[in-house]
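Index from 1, following the sequence. Atom set for the values below is all heavy atoms of this structure, side chains included, hydrogens, waters and symmetry mates excluded. Counting starts at 1 for both ligands and their atoms, following the listed order.
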Amino acid sequence: MSMRPLLRLRFAAFLALAACGGGGTDTPDPVGPPAVTAVSVAPATLNLQGIGATGALAATIAPSTAMASVTWSTNNAAVATVTGSGPSATVTAVSAGTATITATSGGRSGSATVTVTSTVRTLTLATSAFTLVPAQPQPLALTARDEGGAVITNPAVTYTTSAESVATVSSAGVITAVAPGTATITASAASANVTASVTVLEGGYVTASGGTITALGGQLQLVVPTGAVSAPTALTVRTVSTPPTNARLLANTAVLIEPAVTFASPATLRLRYTVPLAADVVETQLRLARLDGSTWQEQAVRVVDRTNRRVTALASTTGTWAVFVPPPSLRSFAQLAGREVGTAVSADALRSDATYRQLLAAEFNSVTPENVMKFGPIHPAPTTYNFADADSLLSFAAAHNMTVHGHVLLWHNQQPAWLTVGTPTRASLLAALRDHIQTVVTRYAGRIATWDVANEVIADNGTGLRASFWTTIAGPDIIDSAFAWARRADPNAKLYLNDYAVEAIGPKSDSMFALAMRLRAAGVPIDGIGLQAHFLVNPPSLAQQSANVARFVAAGFDVRYTELDVRLANGTDGLAAQATAYGNAVRACRTQLRCRAVTVWGFTDRYSWIPGAFPGFGRGHLWDDVFAPKPAYTGFRDAWAVP
Ligand code: 9MR
């Protein structure tokens, strides 16, 4: 048995004393309980779970015969206190941490380590209601406290969401909005719970490095290039219902994107139209607009994607965007019918009258210069051309997606004085006309789809050719030459023979037919027949006109109504008959696919050639002199509108 040296010494002394006892001397010295030689505490470690939890410790004294009392102490009463009498003690947890509990007896001591682990009693959130947009992250600011109110760092918390489809939550407590709706996020630790409500709006979230907003059930997609925004930006998107002036919104496609964000580089904005398009709307008419203050600014449309029903634009800024279509118009119906609806355009009105321009652009998809391309106006001196007005009209047409019907190359009216003075000869006229056609047609090649090459060359009584300045001096084959020169100058333009009073089969239409056949047989490049259609209230019937159109088409010619108007005698009503006349021209044309267009010779009574040319007549057009649509407009439009 091993014994510590000191103990061994004392024990030896005790034995020595005992040995000399009974040696006849006095009572031996009293011998007390042995001194404490060691104190141990069990268990050596004590884990207390939760504030207020208690645990027991026991001290063991050596030798067991030692009779010393035991005192207990803690080195950290903030963590654990100890009460005890004798060898047993009760330790009470005060707060999380570690304390050393010591039992002391007879100058000796032993200890145990007590670890207090606190439990989460309360969970609180700095904010417990969130409104987010899809893809937006939102960390939860969670505080866990123990029973004593102390904050627990890094508590073990689990997070759950009531609707993954609305918002998810990570194990670190970061919510991510997914799609519109509401969800409840629950954080749990021990027996504590706390919830946060999440409302996800239509919208999206753009991150600093780029991103995509998809909202409104996929109707809106905003693709933001990298670096386009300087910080993560949440955008909410709402529907709005105020349409652009003079336009129809496609349902659900006007969106308000808040807050308005200006992008460093343009983002791609795609707006989907989820509704079927109205019968008269064609995709190419779809427009994008952005609300600027209280006015809609039309934005350039980059792509109309029919398959996915998306209209795409480049956007520098968010705000309110909409897909819209123009109101029902002549051109929308004509386009559906696969044809052109045109009008002669007055250069003066185009220059000076904004209402005129607005109506022209909205209603027509084809224009014919009423005067400015005629020989005299465009070629006023032998080597002088005046293209300014024609150029303006072509710019307008291009800007508004309109075709241009050129009018006119060879005609006996509106010639410049220089052409007719002196004694023109066949040679001089041929040279002049060739130069004229080469110059004018070449200049506008590719921009003028169809040309009136020869105009009004049939005699009024229907017997053959008109004896005009051109045909009389140069010979009738100048007509042939005009077509040939025009073809050479623009091989793609369709070349027309144009005349009036040829809208029903009869002597004059027969003469025109015969001329067209002769020209073609001679190899002259003639493509089409222009029916002017300057009507009075009782024009040829629909059946007569249809038969006439059919004859030219059957012979292989394109046809177009080139100068339709219906003049009324002053003091008469005639508006209903006028409406019928306008409608029937369209109906007749539409009986044949190769009747490509119906062009009116001016669209408003405000700028009309009729009163000047036919005193006592007027009111021949679709809109009146203050731009109010007349029954003629409705009659004309309805004939276009039928499928
Ligand atoms: O509408 C045109 C009018 O302004 C001119 O003064 C006139 C000159 O003759 O020409 C009018 O247009 C005609 C067209 O060029 C050819 N067909 C008959 C049209 C009405 O006269």
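- Side-chain N or O atoms of Arg466 include one that pairs as donor or acceptor with a backbone N or O of Glu456 at under 3.5 Å.
- A donor-acceptor contact shorter than 3.5 Å is absent between the side chain of Ser366 and the backbone of Met402.
- No donor-acceptor pair closer than 3.5 Å links the side chain of Arg619 to the backbone N or O of Asp605.
- Protein residues with a heavy atom under 4.0 Å from ligand 1 are Glu370, Asn371, Lys374, His407, Trp411, Gln414, Asn455, Glu456, Gln532, His534, Glu563, Trp601, Trp609.
- Note that NZ of Lys508 and OH of Tyr500 are 4.0 Å apart. Values are rounded to the nearest 0.5 Å.
- Remark: Asp305 does not engage Arg270 in a salt bridge, criterion side-chain N to carboxylate O under 4.0 Å.
- For Ala550, the side-chain contact (heavy atoms from CB on, under 4.5 Å) criterion is met by Gln592, not counting sequence neighbours.
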